[in-house]
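Okay, so here's the structure we're looking at.
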Amino acid sequence: MEEFKNKKVLIFGLGILGGGVEAAKWFYKRGARLRITDLKKRKDLEKSIKILEKLMLTTRTKHGLNTDLHEHKNNMSEKSVYSPNQSVQSEKSVLSPPKSAIRYILGKHRKEDIDWADIVYVNPGVSYKNEFIQYAIKKKKEIVNDCYLFFKYSKGDIIAITGTRGKTTTTTWIYEILTYILKEILNKSRININVLLGGNQPEHSLFKILDKTNDKSVSVLELSSFQLEFYKKNLKAPKIAIITCLLRDHLNRYKNMKEYAKVKGKIFMNQTESDYLILNYDNEWTNYFLSLSPKSQIYFVSAKRKLNRGIYVNKNCVYIKDNREIKILDIKNFKEIYGEHNLYNLLFSILACYLYIKDKNKNFREETFNKLIKKFIKNLKTPKFRQEIIFTSKNLMIINDSASTTPDATIAALKRFSLTQKYTDLTQKYIEQFSINYPFSSVNSGLILIAGGTDKNLDFKDLAKEIKKRIKPENLILINGSATKKLIKELISIKYQINKENIVEDLKDAILKALKQFKNLNTNQSKNRYVILFSPGAASFEKFKNEFDRGEKFNKLIKQKLKNFIQ
C-alpha cells in the first residue's frame with residue numbers, strides 16, 4: 001500500500017488497550033509520518049509508547065539505519081517528539097528516521113494537528129460526535145478507524161457480526177464451525193479457504209489479520225457500534241451480516257435507542273442481492289432494520305416460532321427452512337444448560353455457516369453438514385469471560401461473566417445458574433453428549449452474586465427484580481460504582497434488604513466476601529452445592545481498563561484466594 005508512504009497520519013487517541021498502538025504500527029510500517037495525540041499523560045501511556053519505540057528500533061536495524069541515538073537526535077528538529085509540556089522527550093524515545101518519526105502530543109488535543117494531517121485515525125473510544133472529529137469533518141479530512149480500513153483494504157469474504165449481546169460468542173462459534181467444517185467439506189472439493197478471526201477484542205485486532213487476507217480467505221469479524229460509526233457508503237460489504245439483537249446499551253454515547261440502532265444498521269448498508277443478512281425475528285428492533293430496506297437476502301433466527309426462511313426451534317429440534325425444511329439436530333435441555341442467549345448464539349452460528357458453505361460449494365450435502373454440526377456441538381465451549389466456568393468441585397462452581405456489561409446480560413446469567421431442581425438430575429448421558437463440566441444446578445439459597453460497576457445510562461429495574469427473585473440478601477456482593485448506586489436504589493424501592501457490609505470498593509474484597517459466604521453456607525451437614533457468579537451487569541472503566549482486564553484480575557484473585565476456603 002504505497003499510498004501511505006509519507007502521508008501525514010494523526011492517531012487520535014493512543015489509548016492503553018492496544019487499539020491505537022496497532023493502528024500506529026500498521027501506518028508506520030507503510031512509511032506514514034505519524035503524530036499521536038491523547039488526553040492522557042506520558043506516564044499513563046508508557047506501555048503503549050514503549051511498544052512503538054521497540055518497533056522503530058527494530059525497523060531501523062532491519063533497514064541498516066544508524067541506530068546511534070545521539071547522532072540521530074542531532075539530525076532531527078527539536079520538536080520531533082512532544083511531551084505533555086512540548087519539551088523534547090528522552091533520547092531513548094527518538095528512534096525513527098526523520099521522515100518516519102512518531103511525534104507525540106500528550107495531555108491534550110489540538111486543532112492544528114488535524115490541520116496538519118492528511119488522514120485522521122480515530123481510536124474506538126472516541127465518538128464521531130467529538131468536537132475535534134467534527135472539526136476534521138468540516139476540514140474534509142479522511143477520517144478512518146480499524147473497521148473502515150479493514151473493509152477498504154482487505155481481500156476475500158467477510159462475515160460480520162454486531163448486536164448488543166452475543167457478538168463474541170457467535171463470532172467465535174462461526175469461526176470454529178467454519179474452520180472445522182471447511183476442512184471436511186471444501187478441501188475434499190478442492191476448494192481452499194482460509195478462515196480468520198478478528199474483532200473489537202485486544203487479542204483479535206483487525207490489524208492483526210488485515211494483511212493475512214487474500215482472495216481465498218473469509219474473515220469472521222465481531223464489530224461494535226463504535227467501530228461501525230465510521231463505516232461508509234462504497235466500502236466493501238460483508239458477504240454475511242448478522243445483528244444478534246438490540247437491547248438498551250451505550251446510552252451514555254447515543255442520545256436514544258434509534259440512534260444506536262441506526263449505527264448498528266450500517267453493517268448491511270452496502271450489501272447487494274448476492275449477500276445475506278441474518279436478523280433476530282424475536283427482537284423488537286428487527287422491524288426497524290427491515291424499514292431501512294436491506295438489499296440482501298434476508299434470513300431470520302427464532303427460538304420461539306416456525307419461520308418461512310431461516311433457522312428456528314420446534315419441539316426441542318433445530319430446523320433450517322430454506323427451499324425446504326431441514327432438521328439439523330436435537331437440542332433437548334440445551335437452553336437449561338447453556339442459557340437461552342447461547343441458544344440464539346448457536347442458531348446464528350449454524351445458519352451463517354450453512355449459508356456460507358452452501359454459497360461456496362455447489363455440491364453441498366445437507367446430510368454431511370448436519371453430521372459435522374452434531375460433532376461440533378459435543379465440544380462446544382463458551383468464550384472467555386462469558387459465563388465461563390473457571391472452577392468446579394463437588395460442592396462449588398465459580399463463574400466468570402466479566403463480559404456482562406449490561407443488566408440484561410446479568411439477568412441471563414442469573415437465569416442460567418439459578419436453575420430449579422427440575423434440572424438438577426440431568427442424566428450423565430446428556431452431560432457426556434455435550435461434553436460439559438456442569439456437575440450440578442444451584443437453587444436460590446446456594447447462588448452468590450458479585451455485581452456492580454460503571455453506569456452507561458441504563459435501567460436497572462428488571463435486574464433488581466431478578467435479584468430479589470433469585471438471590472438472598474446475604475448472598476449479594478456489590479462492588480461500588482455509579483451503576484451500583486442505581487441498582488441499590490432500585491433494590492430498595494422493591495423492599496429488598498441491602499446488606500451494607502456487602503458493598504465493597506474493590507474486586508479483591510468482593511471475592512473474599514463471596515468465598516467467606518460460601519464457607520458459612522457449606523457446613524459439614526450441608527449437602528447443597530453452591531455457585532459464585534461474577535456477573536457485573538455494568539461497565540468497568542471506573543476501576544479497570546475494560547471488561548477483559550476485569551476478567552483477568554478476577555481469575556488471578558480466585559487462584560490466589562480459593563485455596564484458603566476449599567478443603
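- Remark: aromatic rings of F4 and W26 are close, center separation under 6.0 Å.
- Between F132 and F12, the two ring planes are tilted [angle within 30° to 60°].
- If you take CD1 on I311 and CD1 on I278, they are separated by 8.5 Å, rounding to the nearest 0.5 Å.
- Residues D282 and K304 are not paired through a salt bridge, judged by the lack of any N-O separation under 4.0 Å between the basic side chain and the carboxylate.
- F300 and Y312 have their aromatic ring centers separated by at least 6.0 angstrom.
- Between the side chains of Y153 and D211, no donor N or O sits under 3.5 Å from an acceptor N or O.
- Ring planes of F289 and F268: perpendicular class, angle over 60° (limits at 30 and 60°).
- Between the side chains of Q227 and N145, no donor N or O sits under 3.5 Å from an acceptor N or O.
- One side chain, N342 or N345, offers a donor N or O that lies under 3.5 Å from an acceptor on the other.
- Side-chain atoms of R165 and T406 form no donor-acceptor pair, as typed in the model, at a separation below 3.5 Å.
- Within a 6.0 Å sphere centred on CZ of R365, heavy atoms belonging to other residues, nucleotides or ligands number 12 at most.
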Notebook entry, point to check: Could you go step by step and tell me if D249 and Y254 meet the side chain to side chain donor-acceptor pair (under 3.5 Å) rule?
Noted result: CA-CA 9 Å; D249 199 3; Y254 304 111; over 6 Å; no
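- At a threshold of 4.0 Å, the pair E22-K25 counts as salt-bridged, since one of the basic side-chain nitrogens sits closer than that to a carboxylate oxygen.
- Here E142 does not pair with K7 in a salt bridge; the nearest charged N to carboxylate O distance is not below 4.0 Å.
- In this structure, the separation between CD1 on I161 and CD on E222 is 8.0 Å, given to the nearest 0.5 Å.
- The existence of a salt bridge linking D408 and R248 is excluded, since no basic side-chain nitrogen approaches an acidic carboxylate oxygen closer than 4.0 Å.
- The line from OG1 of T410 to CG of L533 is 7.5 Å long, rounded to the nearest 0.5 Å.
- We find the CG-CD1 distance between L223 and I243 to be 11.0 Å, quoted to the nearest 0.5 Å.
- A donor-acceptor pair shorter than 3.5 Å can be found between the side chains of N555 and N400.
- We find that R33 and D118 are not joined by a salt bridge, their nearest charged nitrogen and carboxylate oxygen being 4.0 Å or further apart.
- Remark: K295 NZ is loosely packed, at most 12 non-hydrogen atoms of other residues, nucleotides or ligands lying under 6.0 Å away.
- More than 12 heavy atoms of other shown residues, nucleotides or ligands fall within 6.0 angstrom of atom CD in E367.
- Using modelled atom types, one finds a donor on one side chain and an acceptor on the other under 3.5 Å when comparing D401 with S535.
- At a threshold of 4.0 Å, the pair E552-K384 counts as salt-bridged, since one of the basic side-chain nitrogens sits closer than that to a carboxylate oxygen.
- Taking CG of L235 as the start and CZ of F151 as the end, the distance is 8.0 Å to the nearest 0.5 Å.
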